[in-house]
Amino acid sequence: MDLKKRLNLGQSKMQTHEVVDYVNGIPNRFKELIEVLLAGPYRVTQHAAWPLSICVEKWPYLIDPHLGKVLKALGKPGIHDAVTRNTMRLLQFIDIPKRYRGAVAELCFAYLQNPKQ
């Protein structure tokens with residue numbers, strides 16, 4: 001499956017579950033999803049966020065090698081609200097490694113203090 005093309009078609013519950021079914025707990029396919037999420041463009045990134053969080057809910061181990069990159073992306077300006085929302089959502093399904101706990105806490109407090117969030 002060409003994830004970028006699929007996610008560029010639009011977003012729906014069915015589309016999201018097709019992407020999740022494609023990933024199916026397979027690390028290389030999840031890595032493809034991460035790469036699409038981080039590479040953009042903006043609309044594709046937005047559409048990749050929901051399946052990302054569902055994949056982590058089902059298979060939490062998949063995010064382990066990618067968590068640092070995903071958290072770093074949250075700090076970039078202009079990131080879509082869906083990416084922020086779904087990335088923060090996926091954190092509830094994992095045991096956050098100690099090395100990221102400070103960064104996650106800072107992000108959470110920054111979101112809580114921002115009236116636009």
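- A donor-acceptor distance shorter than 3.5 angstrom exists from the side chain of Q15 to the backbone of R6, with no hydrogens or angles considered.
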Using side-chain contact (heavy atoms from CB on, under 4.5 Å), reason through H47 and N8 one step at a time and then give a plain yes or no. CA-CA 8 Å; H47 296 167; N8 208 21; 5.8 Å; no

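- Expressed to the nearest 0.5 Å, how far CE of M88 lies from CG of L71 amounts to 8.0 Å.
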One pair to check against side-chain contact (heavy atoms from CB on, under 4.5 Å): L7 and L37. What are the steps and the verdict? CA-CA 10 Å; L7 293 167; L37 176 89; over 6 Å; no

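- Under a hydrophobic clustering in which Ile, Leu, Val, Met, Phe, Trp and Tyr are joined whenever their side-chain heavy atoms come within less than 4.5 Å, directly or via other members, M1 and I26 fall into different clusters.
- Across all their heavy atoms, L74 and V83 have their closest contact at CD2-O, 4.2 Å.
- Counting heavy atoms of neighbouring residues, nucleotides and ligands inside a 6.0 Å radius, atom NZ of K31 does not exceed 12 of them.
- Side-chain contact between V20 and W59 is present, with heavy atoms from C-beta onward closer than 4.5 Å.
- At a threshold of 4.5 Å between non-hydrogen side-chain atoms, the residues V44 and P41 count as touching.
- Tracing side-chain contacts under 4.5 Å through hydrophobic residues (I, L, V, M, F, W, Y), one reaches V70 starting from Y111; they form part of the same cluster.
- In terms of heavy atoms, P51 sits closest to V19 at CB-CG1, 3.7 Å.
- In this structure R89 satisfies the salt bridge (Lys or Arg N to Asp or Glu O under 4.0 Å) test together with E57, sequence neighbours excluded.
- Between L52 and F30 the shortest heavy-atom distance is CD1-CZ, 3.4 Å.
- Remark: the backbone N or O of A110 is not paired with any side-chain donor or acceptor of N114 at under 3.5 angstrom.
- You'll find the side chain of L62 stays beyond 4.5 Å of the side chain of I34, heavy atoms only.
- In terms of heavy-atom proximity, T87 sits nearest to L90 at O-CG, 3.1 Å.
- Annotation: the span from E35 atom CD to K69 atom NZ amounts to 7.0 Å, rounded to 0.5 Å.
- Checked by atom type and distance alone, the side chain of S53 pairs as donor or acceptor with a backbone atom of W50 at under 3.5 Å.
- In terms of heavy atoms, N86 sits closest to A49 at CB-O, 3.3 Å.
- Expressed to the nearest 0.5 Å, how far OH of Y100 lies from CG of L91 amounts to 12.0 Å.
- A donor-acceptor pair under 3.5 Å links the side-chain atoms of D2 to the main chain of K4, judged by distance alone.
- Cluster annotation: Y61 is connected to I63 through the hydrophobic network of ILVMFWY side chains, with a link wherever side-chain heavy atoms come within less than 4.5 Å.
- The closest donor-acceptor contact from the side chain of R29 to the backbone of N24 lies at 3.5 Å or more, if one exists at all.
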Verdict with reasoning, Y22 to L3, per side-chain contact (heavy atoms from CB on, under 4.5 Å): CA-CA 9 Å; Y22 168 74; L3 284 177; 3.9 Å; yes

Between H80 and T45, is the side-chain contact (heavy atoms from CB on, under 4.5 Å) condition met? List the steps. CA-CA 8 Å; H80 194 280; T45 297; 5.6 Å; no

